[in-house]
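Throughout, numbering of the chain's residues begins at 1 and tracks the sequence.
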Amino acid sequence: MGTDNQTYVGECILLGLSSDWDTQVSLFVLFLVTYMVTVLGNFLIVLLIRLDSRLHTPMYFFLTNLSLVDVSYATSIIPQLLVHLLVEHKVIPYVSCAAQLFFSLGLGGIEFVLLAVMAYDRYVAVCDPLIYLVIMRGGLCTRLAITSWVSGSINSLMQTTITFHLPMCTNKFVDHLSCELLAVVRLACVDTSSNEVAIMVSSIVLLMAPFCLVLLSYIKIISTILEIQSTEGRKKAFHTCVSHLTVVVLCYGMAIFTYIQPHSSPSALQEKLISLFYAILMPMLNPMIYSIRNKEVKGAWQKLLGQLSGLTSKLAS
C-alpha cells in the first residue's frame, strides 16, 4: 500500500457502455453476433488464400497477416466485454488489465505498420509491374511482415511498462470498455505529462511515420495511374488499390483523431465508440472490403464453392 491517496491496486472496474440491464443484454447479442461474423469472415479469407494457388502472391500474404491481426485484436477485447455485459461487477484483475493493454495496443500498432507495408506492395505492383515478383520476393515479404509484428510489440511493451509503473489512485474505476491506454493513464495520482509525451512520440513513430509512407506511396501510384493512356488500364490499376485505400482511410483517420493530441482528446463516450470501431467494426469490415470488389477473391470463392458442390454431388450419388 502507498500513502495519501496512492495505492497499489489489485483490480480495476470497467464502467462499460451502460448500466441498464436490458441495454446490456441487447449489446451482448449484437457484439456476440458481430464477433462470430468477424472470426468466421477472417478465418474464411485465410483459408481461401491457403487453398487457392492463384492467391499465393505477396498481396494476399500480407492480407493473411492482416486477418490474423484483426481476429487477435478483436479477441483481446470482445470476450471480456461480453462477460462484463452479463455481470453486475465488471472487475478485471490488474495483471489482466495490463495484459489486455499490451495485446490491444501491440496489435493496433502492428496493423498500422502492416498497412504501410501493403501500401508499398501496391506501389511496386502499379509502378513497377514487370519486376513486381522480383522485388517482392518471398524473403522480403517475410522480413516486412516480421518488422510489422516486432515494431508493434516493442512499442506496446514500452507503453504498457511505463503506464503500469505509475502510482494509481484509490479510485480504480476505468471509464471505458477495456483497459485502454489513455483511460488507464487517467487513474494515476501523479503528473502524467511525461506519459502524454511518450504517447505523442509513439504516435508519431508508429502512426504518423507509416501514414506518411502510405501517402508517399499513393502519390506515386496516382501519378502513375494518371499517365496510363487507356481508360481500361487506369480502372484496372485503380481497382488493385481501392480495397487497401478504403481500409487505410478508415483505420488511420480514426487513430489520428484519437491519439495525436492527447490534451484535446475526445470525450469518454467518444473514446468508447472509437474503441468499438477498432475492436468490432474494422475487423468485421476488412474481409468484406477485400472481397466485395476483388475479382481474384470472387473467382477463388466461385472455384471453391464449385469444388464443394461437386464433392457434395458425388457423396449424394
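Here the straight-line distance linking atom CD1 of I49 with atom CG of L44 works out to 11.0 Å at 0.5 Å rounding. Rounded to the nearest 0.5 Å, atoms OG (S275) and CG (L281) are 12.0 Å apart. Note that the OG atom of S67 and the CG atom of L47 stand 11.5 Å from one another [nearest 0.5 Å]. Atom SG of C127 is separated from atom CD1 of I135 by 10.0 Å, given to the nearest 0.5 angstrom. The line from CH2 of W21 to CG of L86 is 5.0 Å long, rounded to the nearest 0.5 Å. Atom OG1 in T224 sits 7.5 Å away from atom CD1 in I228 (nearest 0.5 Å).
The environment of Y35 atom OH is dense: over 12 non-hydrogen atoms of other residues, nucleotides or ligands sit within 6.0 angstrom. Counted within 6.0 Å of CZ on R54, heavy atoms from surrounding residues, nucleotides or ligands total more than 12; the atom is thus considered enclosed.
Between Y278 and C251, the closest side-chain pair of non-hydrogen atoms falls below 4.5 Å. In this structure, L216 and K220 have side chains that are not in contact, with every pair of non-hydrogen atoms separated by 4.5 Å or more. Side chains of R122 and S217 form no contact here, defined as non-hydrogen atoms less than 4.5 Å apart. Inter-residue side-chain proximity for F164 and L101 is flagged as met; some heavy-atom pair is nearer than 4.5 Å. With a 4.5 Å cut-off on side-chain heavy atoms, T34 and I78 do not count as touching. Taking 4.5 Å as the limit, some side-chain heavy atom of C141 sits within range of a side-chain heavy atom of M136. Counting only heavy atoms from C-beta outward, the side chains of F43 and V71 never approach each other to under 4.5 Å. Residues F62 and L144 form a side-chain contact, since some pair of their non-hydrogen atoms from C-beta on lies under 4.5 Å apart.
For the two cysteine residues C97 and C179, the thiol sulfurs sit under 2.5 Å apart.
By the criterion of side-chain heavy atoms lying less than 4.5 angstrom apart, applied directly or through intervening Ile, Leu, Val, Met, Phe, Trp or Tyr residues, L85 is grouped together with M36 in one hydrophobic cluster. At a threshold of 4.5 Å between side-chain heavy atoms, the hydrophobic network of Ile, Leu, Val, Met, Phe, Trp and Tyr places I280 and V25 in one connected group. Hydrophobic clustering, with ILVMFWY side chains joined whenever heavy atoms are under 4.5 angstrom apart, groups L32 together with L177. Under the 4.5 Å side-chain heavy-atom criterion for grouping Ile, Leu, Val, Met, Phe, Trp and Tyr, I77 is connected to V37 within one hydrophobic cluster. If you chain together hydrophobic residues whose side chains sit under 4.5 Å apart, L213 and M59 never meet in one group.
A donor-acceptor pair is defined here as one N or O able to donate and one able to accept, closer than 3.5 Å; such a pair exists between the side chain of H56 and the backbone of R50. Checked by atom type and distance alone, the side chain of S96 never pairs as donor or acceptor with a backbone atom of I92 at under 3.5 Å. Not one N or O on the side chain of D121 forms a donor-acceptor pair closer than 3.5 Å with the backbone of V117. Within the 3.5 Å criterion, the main-chain N or O of G106 finds no donor-acceptor partner in the side chain of S153. Without hydrogens or angle criteria, D128 side chain to V124 main chain gives no donor-acceptor distance under 3.5 Å. Under the 3.5 Å distance criterion, the side-chain polar atoms of S243 are matched with a main-chain donor or acceptor of I289. Using a distance-only test at 3.5 Å, with no hydrogens or angles considered, a donor-acceptor pair links the side chain of D20 to the main chain of T23. The main-chain N or O of T160 is never found under 3.5 Å from a side-chain atom of T163 such that the two would form a donor-acceptor pair. A donor-acceptor contact shorter than 3.5 Å links the side chain of S76 to the backbone of Y73.
Across A279 and P283, no two heavy atoms sit closer than the pair O-CG, 3.6 Å. The minimum heavy-atom distance linking L187 with C12 is given by the pair CD1-SG, 4.4 Å. Minimum interatomic distance between F31 and L17 (heavy atoms only, all atoms of both residues): CZ-CD1, 4.1 Å. R234 approaches L226 most closely through the heavy-atom pair CD-CA, 4.4 Å. In terms of heavy atoms, D70 sits closest to N286 at OD2-ND2, 2.6 Å. Residue A119 comes nearest to I221 through the heavy atom pair O-CD1, 4.3 Å, listed as atom of the first residue, atom of the second, then distance.
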Quick one: do H84 and F28 satisfy ring pair (Phe, Tyr, Trp, His ring centres under 6.0 Å)? Show the steps, please. CA-CA 9 Å; H84 281 188; F28 174 85; over 10 Å; no
Report the C-alpha distance between L15 and H176 in whole Å, list the side-chain angles of each, state the deciding distance to 0.1 Å, and finish with yes or no for side-chain contact (heavy atoms from CB on, under 4.5 Å). CA-CA 6 Å; L15 297 182; H176 211 278; over 6 Å; no
L107 vs W149, side-chain contact (heavy atoms from CB on, under 4.5 Å): CA-CA, chis, key distance, verdict: CA-CA 8 Å; L107 291 163; W149 286 84; 4.2 Å; yes
Carefully, step by step, assess V174 and I13 under the rule side-chain contact (heavy atoms from CB on, under 4.5 Å). CA-CA 6 Å; V174 180; I13 299 175; over 6 Å; no
For the pair Q80 and K90, evaluate side-chain hydrogen bond (donor to acceptor under 3.5 Å, both in side chains) and give the outcome as yes or no after the intermediate values. CA-CA 9 Å; Q80 164 260 310; K90 300 169 176 40; over 6 Å; no
Would you check, one step at a time, whether the test salt bridge (charged side-chain N to carboxylate O under 4.0 Å, His left out) holds for D175 with K272? CA-CA 9 Å; D175 191 8; K272 293 175 186 179; 2.8 Å; yes
Could you check V126 against C241 for side-chain contact (heavy atoms from CB on, under 4.5 Å), going step by step and ending with a plain yes or no? CA-CA 9 Å; V126 173; C241 304; 3.8 Å; yes
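Here the options are I45, L66, L55, V46, the test is side-chain contact (heavy atoms from CB on, under 4.5 Å), and the partner is Y60; only L55 passes.
In this structure, Y218 has its ring center closer than 6.0 angstrom to the ring center of H244.
The aromatic rings of F112 and Y252 sit tilted relative to each other, their planes meeting at an angle between 30° and 60°.
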